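Notes to accompany the following structure.
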There are 4 protein chains.
Amino acid sequence: MSVRARIDSEKQKLRRLILQATTDLLAREGFEQVSIRKVASRIGYSATTIYLYFKNKADLIDHVVDDGFARFMLRLGNTGAGDSPPLRQLVAGMRVYIAFALENPNWYRVTFSSRLGRSNNDAQFLTEAATREKGFAVLAASLTQAMAAGEIPKRPLYPAVQTIWATLHGIAMLLINSPQAGIKEQRRVIEGYIELIVNGLRVR
Amino acid sequence: MSVRARIDSEKQKLRRLILQATTDLLAREGFEQVSIRKVASRIGYSATTIYLYFKNKADLIDHVVDDGFARFMLRLGNTGAGDSPPLRQLVAGMRVYIAFALENPNWYRVTFSSRLGRSNNDAQFLTEAATREKGFAVLAASLTQAMAAGEIPKRPLYPAVQTIWATLHGIAMLLINSPQAGIKEQRRVIEGYIELIVNGLRVR
Amino acid sequence: MSVRARIDSEKQKLRRLILQATTDLLAREGFEQVSIRKVASRIGYSATTIYLYFKNKADLIDHVVDDGFARFMLRLGNTGAGDSPPLRQLVAGMRVYIAFALENPNWYRVTFSSRLGRSNNDAQFLTEAATREKGFAVLAASLTQAMAAGEIPKRPLYPAVQTIWATLHGIAMLLINSPQAGIKEQRRVIEGYIELIVNGLRVR
Amino acid sequence: MSVRARIDSEKQKLRRLILQATTDLLAREGFEQVSIRKVASRIGYSATTIYLYFKNKADLIDHVVDDGFARFMLRLGNTGAGDSPPLRQLVAGMRVYIAFALENPNWYRVTFSSRLGRSNNDAQFLTEAATREKGFAVLAASLTQAMAAGEIPKRPLYPAVQTIWATLHGIAMLLINSPQAGIKEQRRVIEGYIELIVNGLRVR
DNA sequence: CATGAATGAGCATTCATTCAT
DNA sequence: TATGAATGAATGCTCATTCAT
């Protein structure tokens, strides 16, 4: 490793530390509680230091969002249902989506609540992501395959993925905002939802 | 009109003015930008005056939320599809829901994003509302009727309404967060969504 | 009673009501918690009304202080030791003084803590009061008599009264600021104090 | 002096400046007039800066109180009567006590008026201090010695110190609240007081 | 006599950000 | 690279007081 590379790697290490601390703070205490100072004090650096790695608060949040997004996508890409019939894979993906949202409610809220995380043009980012990123691609892929295999009737891919994602988002938010709901109740909601969507997809 | 009544009406007028200004500020600039001072300066009154009409900021926001909610419910109760077959009424209600959300995106966000508008348990409030309030009752009613009329198979009412509402919410948020999407695009998403749900409901 | 007199009496009634409410608020919640609005709301009148009876807040507090002072003096004038030997009467007065202070700690604090109750020239008022008012006069009287009766050596009256009062005040404040002290402990302090002073007076 | 030390000393300098400004403001205008902003503006810094040196207002006041207390104790420890007979030392301590109170009336008020300076139990703090702190210990020490030397009769130490302190406090407050009293008048009060107490101590 | 409406001044506190070192 | 020092802007809120009615 060259000197330059090592330095860069050191630099990246602190950068990651900041990102993790912010993600952590966000997860534990919610968006409103995230402040540059708190992040800094959490990792034992000065507030000023943050600015050496991120342009400003918005930039930091942006990267936290992106980071979580990457992890999200990774999870969606590994649903563990790789060999199942396509429709089953789709359903597996939906379950993973909801599970991830429930595990990271604050991050999820910030990431998918517009304006907060990204200053501009969230939605485009999201919808673009929906088709391009390898994570959402799972939904798209299983959908395509399900259609190809005749499990469900053919329909334009992109709008379908988008719609599924949107309804998924609705369920995720419903569950996130119902913290008092027990696991059983959550499961019932999820199953009801999946049944509804899968049935909907089966018909044309 | 008695003197007292006139005075009261004057008082109500300013109260309404404050509510409108707050709603407006919320609509234009988002929740984070709403401050007592900004509201006051918008209507040319001192910040102190706000406190003559609302106990504190939370109280003010609460009333803004409630106000919008009342209008929302009113709209949902008048979908103009009163004589149509139940399933059609259901669909009309879904369209109205989305339309209202798109017309009042920031209000919608605050109202349905938990914690912000209402201090305590949003979700419960929402789901309770979903069945009880006359607005959401439209969904329940048309769903019941659709089942009674044999348009769709029978299923437990409450979970179904909840699921529909959640997916509706997802679509609403998707569209709200896609401000750059043209009307045509929006319509395509909405139609795709409705088709998916209606088809889902038709099967059992 | 003439019309004018009746009106005046009505007027006095509300005035008294305000004074009592303020005294009460002061007693219960302390000086910092006394505000014109709170007083007004306590008696069901508007804040503005207070200003019809008192020039401003300071004026109101002034009168509360005076009011309590009058009651204080009354109590000091009725120690129930009228027939006892003079020195005994003096001691009785000292006990009553401390008792009253302990019963009205917040009032006492405000009244005898300068600046707060009276804007200017407290002390003069107090020391003048000490000799003139019939209450402190009891101390002066019993002191005079005790000297005349040969119970204690002769000494200039005024400085002696003043000194006794000052030490009395110190003990009162000590006890007021030791709310955790039990009654037994309080009694011990009081007895120790009285013994010290009486002994001091006996010698010359 | 190392770089670090110099920097620290700079920092301490501003800290001291803030403390002095606060003490000054307190001394000149009283506790109610002390506000973070006023303190800041007095030293030409922004209000925010204060928070770099003190956690909050209460913390600042606490340190002002403590600071004065330290100076107070120092003075009480150096009455300049170290070789005199114990009773004389006691009297010297009493004189110093009163003198210091008169020199720092507002500080004295805040420090010894409970609740204001310290949130929790003042009185206990004071009485504990009365025996433990080296300052008040002077009183205790001279009292003990005076008893040992047979200058005054034996009596339980703690209650005696407490009583003396309380009466001392009363005199201090009397004089503080009599700003119009001339020096001669003050001296007469002090002498009368001391004579009374000393005589009281002599008898048993 | 009593009030409702309104306000200006003030407060403690927090935050993101800059700058010189 | 990292930081300590400092700040301006903002926020929610409370209060005493005035004024027209």
Side-chain angles (χ1 to χ4, degrees), chain A residues 7 10-11 13-15 32-40 43-61, chain B residues 3-4 7-8 10-11 14-15 32-41 44-61, chain C residues 7 10-11 13-15 32-40 43-61, chain D residues 3-4 7-8 10-11 14-15 32-41 44-61:
Chain A
I7 288 176
E10 288 292 325
K11 179 153 179 159
K13 215 175 273 173
L14 181 44
R15 196 187 151 89
E32 294 79 13
Q33 294 306 313
V34 174
S35 83
I36 294 275
R37 286 147 99 102
K38 280 190 195 149
V39 168
I43 57 175
Y45 280 79
S46 81
T48 321
T49 299
I50 308 285
Y51 287 89
L52 297 177
Y53 294 87
F54 299 92
K55 216 185 99 209
N56 51 28
K57 189 185 179 182
D59 186 36
L60 171 57
I61 298 287
Chain B
V3 171
R4 175 63 189 274
I7 289 175
D8 278 11
E10 289 291 325
K11 175 139 188 170
L14 181 45
R15 198 188 148 88
E32 295 79 15
Q33 293 307 313
V34 174
S35 84
I36 294 277
R37 281 142 118 106
K38 278 189 195 151
V39 168
S41 102
Y45 279 80
S46 79
T48 317
T49 298
I50 308 289
Y51 288 90
L52 297 178
Y53 295 86
F54 298 92
K55 216 184 101 211
N56 50 31
K57 190 185 177 182
D59 186 37
L60 173 56
I61 298 287
Chain C
I7 288 176
E10 288 292 324
K11 180 150 178 160
K13 215 176 272 172
L14 182 45
R15 198 187 148 86
E32 294 78 15
Q33 292 307 313
V34 174
S35 83
I36 294 275
R37 286 145 100 103
K38 279 189 196 151
V39 169
I43 57 175
Y45 280 80
S46 80
T48 320
T49 299
I50 309 286
Y51 287 90
L52 298 176
Y53 294 86
F54 299 93
K55 216 185 101 210
N56 52 28
K57 190 185 177 181
D59 186 35
L60 171 57
I61 297 287
Chain D
V3 171
R4 175 62 186 273
I7 288 175
D8 279 8
E10 290 290 326
K11 175 139 187 168
L14 181 45
R15 198 187 148 89
E32 295 78 14
Q33 293 307 313
V34 174
S35 84
I36 294 276
R37 282 139 117 105
K38 279 188 195 152
V39 169
S41 103
Y45 280 81
S46 79
T48 317
T49 298
I50 308 289
Y51 288 89
L52 297 178
Y53 296 85
F54 298 92
K55 218 185 102 211
N56 51 30
K57 190 185 177 180
D59 186 36
L60 172 57
I61 298 287

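To find a chain, count down the sequence lines: A is the first, B the second, and so on, and within it residues start at 1. What you are looking at is a predicted structure, and each value in this text was computed from that prediction instead of being measured.
If you take CD1 of Ile50(B) and C1' of dT14(F), they are 15 Å apart, rounded to a whole angstrom. Residue Asp59(C) contributes atom CG, which lies 10 Å from atom P of dT17(F) at whole-angstrom precision. Summarising the geometry, the separation between CG on Leu52(A) and C1' on dT21(E) is reported as 13 Å, rounded to the nearest angstrom. Rounded to an integer number of Å, the gap from CD1 of Ile43(C) to P of dC1(E) is 15 Å.
Residues Tyr51(C) and Ile36(C) are in side-chain contact: their nearest non-hydrogen atoms beyond the backbone lie under 4.5 Å apart.
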Look for any protein N or O under 3.5 Å of an N or O in nucleotides 8-12 of chain F and output each such pair with its distance, or none.
residue, atom, partner, partner atom, Å
dG8(F), N7, Thr48(D), OG1, 3.4
dG8(F), O6, Thr48(D), OG1, 2.6
dT11(F), OP1, Ser35(B), OG, 3.1
dG12(F), OP1, Lys57(B), NZ, 2.8
dG12(F), OP2, Ile36(B), N, 3.1
dG12(F), N7, Arg37(B), NH1, 3.0
dG12(F), O6, Arg37(B), NH1, 3.0

### Task
Begin from the C-alpha positions of Val34(B) and Leu60(B) and carry the test side-chain contact (heavy atoms from CB on, under 4.5 Å) through to its verdict.
CA-CA 10 Å; Val34(B) 174; Leu60(B) 173 56; 5.7 Å; no
#### Entry: Working for side-chain contact (heavy atoms from CB on, under 4.5 Å), residues Ile61(D) and Phe54(D)
CA-CA 9 Å; Ile61(D) 298 287; Phe54(D) 298 92; over 6 Å; no
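Surrounding NZ of Lys55(C) are at most 12 heavy atoms belonging to other residues, nucleotides or ligands under 6.0 Å away.
Mapping Gly44(C) and Ala47(A) onto DNA chain E by nearest heavy atom places Gly44(C) at the nucleotide closer to the 5' end.
The backbone N or O of Ser35(B) lies less than 3.5 Å from no partner atom in the side chain of Lys57(B), so there is not a single donor-acceptor pair. In this structure a side-chain-to-backbone donor-acceptor pair under 3.5 Å is present from Arg15(B) to Tyr53(B).
Backbone-only contact: Tyr53(D) has heavy atoms under 4.0 Å from sugar-phosphate atoms and none from a base.
For Tyr45(C) and dT3(E), the shortest distance from a side-chain N or O to OP1 or OP2 is not below 4.0 Å.
Checking dT17(E) for Watson-Crick or G-U wobble geometry (two distances, each under 3.5 Å) identifies dA6(F) as its partner.
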